[in-house]
Each structure stands twice: as C-alpha cells, then as structure tokens.
Amino acid sequence: MDAYEQITRNVSEVVTEDEVRALAESPDGKRAYVGYEPSGVLHIGHMLTATKLMELQDAGMDVTVLLADVHAYLNDKGSFEEIRDTAERMKAQFLAYGLDEEQTEFVLGSEFQFDREYVLDLHALELNTTLSRAERAMAEIKGGDSVKVSQAVYPLMQALDIVYLDVDLAIGGMEQRKVHMLARDVLPAIDEDAPTCMHTPLIADLSSGAGKMSSSTGTTISMEDSTKDIEEKVNAAFCPPTANPDPADDGTERENPVLQIFEYHVFPRFEQVVVERPEKYGGNLTYDDYASLEAELESGELHPMDAKTALASYLDELIAPGREKIRAQK
RNA sequence: CCGCUCUUAGCUCAGCCUGGCAGAGCAGCCGACUGUAGAUCGGCUUGCCCCCCGUUCAAAUCGGGGAGAGCGGACCA
C-alpha cells in the first residue's frame, strides 16, 4: 500500500486530493490534527478518528490532538472547570487506545486561544463571516437547543487553530466538513492558506442502522462499557445479512453498523480477524481483510450472529486498556 | 424597549374556549417467531402538564406575577 492509500484509507472525503497527494510525497514530519471537545469518556466516535490518526502516524506523520476546552465551553458543555478536568483524563484514554506517545502532542485550547494575536485574528475572521454562514457550519455539532453567539465564534476558532497549531492536514468526522469548508473559505481573507482536510465516515446508529450513532440518544459504545455491556449492545444491533440494507419503512436510508465497525474500527487495528463459530455451523472462519468478511456475510456463509460475537470480542479487546485507565482514574 | 405566539411522556403534539381520574402517535421495554438484529404479532411502561401566587369542593384548564424559546415591530440624533 503506498503512502497516499494508507493516508486516505477509510475516509469519506479528501479535500483536496491533489493537496493530500502532495503531502503523501513526504509524510515524515508533516502534522495532522483533530480537535475534540473534552468529555469524560471516549466513545466510538472519538475512537474512529483516533484510528485514523494512528494510521497517519504509521505513515510517518506527527499528530496534534487538540483538547478543545474553550470550544466545549463556547458550545454550552458546562463550566470551564468541569471541562478542563475531563481533558486530562481524555488524554490518558487516547494513549491507552493506542496513539503513539512519542508522535502525539496534546494541546489544551486555552493554552494559546487567549493570546492577543490569536484574538485579533479571530476578530478579523468574524468580520469576514456572516452569522448565517457560521450557524450553518455549526448545524451538525452544536449542543444546546438554541443558537448562541458563542457558537458562531466556535467554527472560526477551529479555522484559526489550524493556523496556530501549524497543521498540514485537518482530520474530522463528516459532521466537521462544513466547519472545514468555512475555514477554507475564510482563512485566505487573513492571508493564510486554505487547510487540507479529510473526513472520516460517521457510524450509523447501532440499533436502527439509520442516521449517525448518537452519544446522547440511542446506543453508543464507549470505553467504560464492560465486556458484557459490549456483548449486549452489539447483539442488539441492527444487522441484516448485507452491506446495503433496504431503507426503513419511512424511507430513511440504513447502513449495517456491524459491518461498519468491522471496517472502520477492527480491520485497521488487526491483521486478521477470526470468527469463532460452533462446529455445528461449520467451525471457525478467518478473514485477512474487511472485503472478504463483507462478501461472506452477503453470501450467507457468515451468519450475522457469528459476526456479532466476533465483533464484540474484538471491540472488547480494543477498549480493554482504556477501560482499565478509567477504573484507575476513579 | 414594545407586541404576538409557544412551553404537557424520551420526541412530535392533542386536551385548555366550556374546571371534574393525564391523552395519542412515534420511541422504549418484555415476550412469540426467526440460529442475530430488523419486520410482523401479543403485552407493558412512561409525567415537576415550565415556576410561583391566587380563585375554587376541585386547576394542565380560570386570574395575576415570573422564566425560557420563537417571531414581528420600534429606536437608528
């Protein structure tokens, strides 16, 4: 696999391909970043972008993880003290999940976002952005039930972070794409380069296969889940024997979240996946890549229940170190 | 600053006029059927009716005050 393929593996969107190809020419020392609002416990959404960061590290890139305490505050996620408290725990969980400590720099937003120069640049961006544009950019990520002025400032700070953290490649889930597009539009207004971005897919809701897995409603897999929690959640997941389920009765598109998790969480971290299967159903199955697993689920050779059992076991293995960390933190 | 509308189950809302057991759809949960889930069928759960004060035998419902949300207007020397 060449560097470009490795860097863009499993992403939904590359902006722009030419820019990433240029990065892939000499990835060593290039800097990628993701910003996260601190939350007490890593969930599967955090882990998805973290997996991508690990792949970028394997390709030779350095990684900055922004623990976006100021952003979380602006997004109505609680008091500053509470938020900063969780940031440190989050860092430990990322390391436990597998980010390389040598190649990862953790930065707290408040370390540089109050600098005079930063704030002046921020105001310059504000001057170049309409409220409705900022609001649209935030549509997918805002917390709370009404739009605050702080939430209009939020995406502009993300744009500036890319400049101040000296980032070559901005990573985020697909919910971040409008923010990143805003950054590409507005940064040239202060004579900065439009950032190169890649967006990871969003995992569908575990129980319905529709929309995106939400941390607030529905079922989410997080680092504090016990082995039993994971088994129960995965077993309850929507999983027709196909990668392309029929739409729901009301017409909404559905995905197969079990396959998605195999594709985006398990195969990037394991060379080989062994599905343990009772003798009466034919014994164990072994897969070296995601495509062959999907094909056999589709053909009926692999039964969804056996796939689920295997998925729960691999997920548990991925989460176990972080789970230990969380227990130690309490 | 002024005016109008809204606030009831996890969600969308009905009920308010004309006071009398707190409702529906969806979601959720439990079973049946499937070697998973979903679909289907059967059953079940769910409440600070935004808050306070008042009227009344009795208030989600009527009156007063307040809060939050949405919309409009005014001001622009």
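Numbered from 1 within each chain, the chains take letters A, B, ... in sequence-line order.
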Q. Is it true that Arg323(A) and Glu224(A) have a side-chain N and a carboxylate O under 4.0 angstrom from each other?
A. no
(Q) Please report the distance separating the P of U40(B) from the corresponding atom of G25(B), rounded so that it comes out in whole Å. (A) 15 Å
Q) Separation of Leu259(A) atom CG from U36(B) atom P, in whole Å? A) 17 Å
Q: Rounded off to whole Å, could you give me the CD-to-C1' distance for the Gln260(A) and A37(B) pair?
A: 15 Å
Q: Rounded to the nearest angstrom, tell me the gap between atom CG in Asp246(A) and atom C1' in G38(B).
A: 11 Å
(Q) Can a donor-acceptor pair be found, under 3.5 Å and without considering hydrogens, that links the side chain of Lys52(A) to the backbone of Met198(A)? (A) no
Q. Ile261(A) has an atom CD1; how far is it from atom P of A37(B), in whole Å?
A. 16 Å
**Q.** P spacing across the pair C53(B) / U61(B), given as an integer number of angstrom
**A.** 14 Å
Q: Convert the base pairs of RNA chain B into dot-bracket notation, remembering that pairs crossing earlier ones are written with [ ] and that bases paired across to another strand are shown as |; include only Watson-Crick or G-U pairs under 3.5 Å.
A: ((((((((.[[[[.)....(..]]]].(((((.......))))).....[[[[[..)....]]]]])))))))....
Q. How close or far is atom C1' of G35(B) from atom CG of Leu302(A), stated in whole angstroms?
A. 13 Å
Q: Would you mind reading off the distance between Glu253(A) atom CD and G38(B) atom P, rounded to a whole angstrom?
A: 20 Å
**Q.** Between G23(B) and C4(B) - P atom distance, rounded Å
**A.** 34 Å
Q: Report the distance from atom CD of Glu276(A) to atom P of G35(B), rounded to the nearest whole Å.
A: 23 Å
Would you give me the side-chain donor-acceptor pairs under 3.5 Å for residues 105-115 of chain A, sequence neighbours excluded?
{"unit_1": "Glu105(A)", "atom_1": "OE1", "unit_2": "Arg31(A)", "atom_2": "NH1", "d": "3.4"}
{"unit_1": "Ser110(A)", "atom_1": "OG", "unit_2": "Asp69(A)", "atom_2": "OD2", "d": "2.6"}
{"unit_1": "Glu111(A)", "atom_1": "OE2", "unit_2": "Leu108(A)", "atom_2": "N", "d": "3.2"}
{"unit_1": "Gln113(A)", "atom_1": "NE2", "unit_2": "Asp161(A)", "atom_2": "OD1", "d": "3.0"}
{"unit_1": "Gln113(A)", "atom_1": "NE2", "unit_2": "Asp161(A)", "atom_2": "OD2", "d": "3.1"}

Q) When the P atoms of C29(B) and U46(B) are considered, how many whole Å apart are they? A) 16 Å
Q) Which listed nucleotide (G38(B), A37(B), G35(B)) is nearest to the side chain of Asp306(A)? A) G35(B)
Q. Under 3.5 Å, side chain of Thr104(A) to main-chain N/O of Glu101(A), donor-acceptor pair present?
A. no
Q: Using the C1' atom as the reference point in each nucleotide, state the distance between A32(B) and A37(B) in Å, no decimals.
A: 16 Å
Q) Once you round it to whole Å, what is the distance between P of U34(B) and NZ of Lys308(A)? A) 17 Å
Q: Using the P atoms only, state how far C49(B) lies from U8(B), rounded to an integer number of Å.
A: 11 Å
**Q.** Nearest-neighbour nucleotide for the Pro240(A) side chain, G35(B), G38(B), A37(B) considered
**A.** A37(B)
Q) Would the number of heavy atoms belonging to other residues, nucleotides or ligands and lying under 6.0 Å from CG of Asp166(A) be above 12? A) no
**Q.** Distance between C1' atoms of G72(B) and A77(B) (Å, rounded)
**A.** 25 Å
**Q.** Distance, C1' atom - from G15(B) to A9(B), rounded to whole angstrom
**A.** 14 Å
Q.
Using a heavy-atom cut-off of 4.0 Å across all strands, would you classify Pro241(A) as base, sugar-phosphate, or nothing?
A. base
Q: Choose from G38(B), G35(B), U36(B) the nucleotide whose nearest atom is closest to any side-chain atom of Phe238(A).
A: G38(B)
Q.
Whether Arg269(A) engages the ring of Tyr314(A) as a cation-pi pair (distance to the six-membered ring centre under 6.0 angstrom, angle to the ring normal within 45°) should be assessed.
A. no
Q: If the plane angle is over 60° it's perpendicular, under 30° parallel, otherwise tilted; pick one for Phe262(A) and Phe267(A).
A: tilted
Q.
Is any side-chain heavy atom of Thr242(A) closer than 4.5 Å to one of Asn256(A)?
A. no
Q) To the side chain of Asn235(A), which of G38(B), G35(B), U36(B) is closest? A) U36(B)
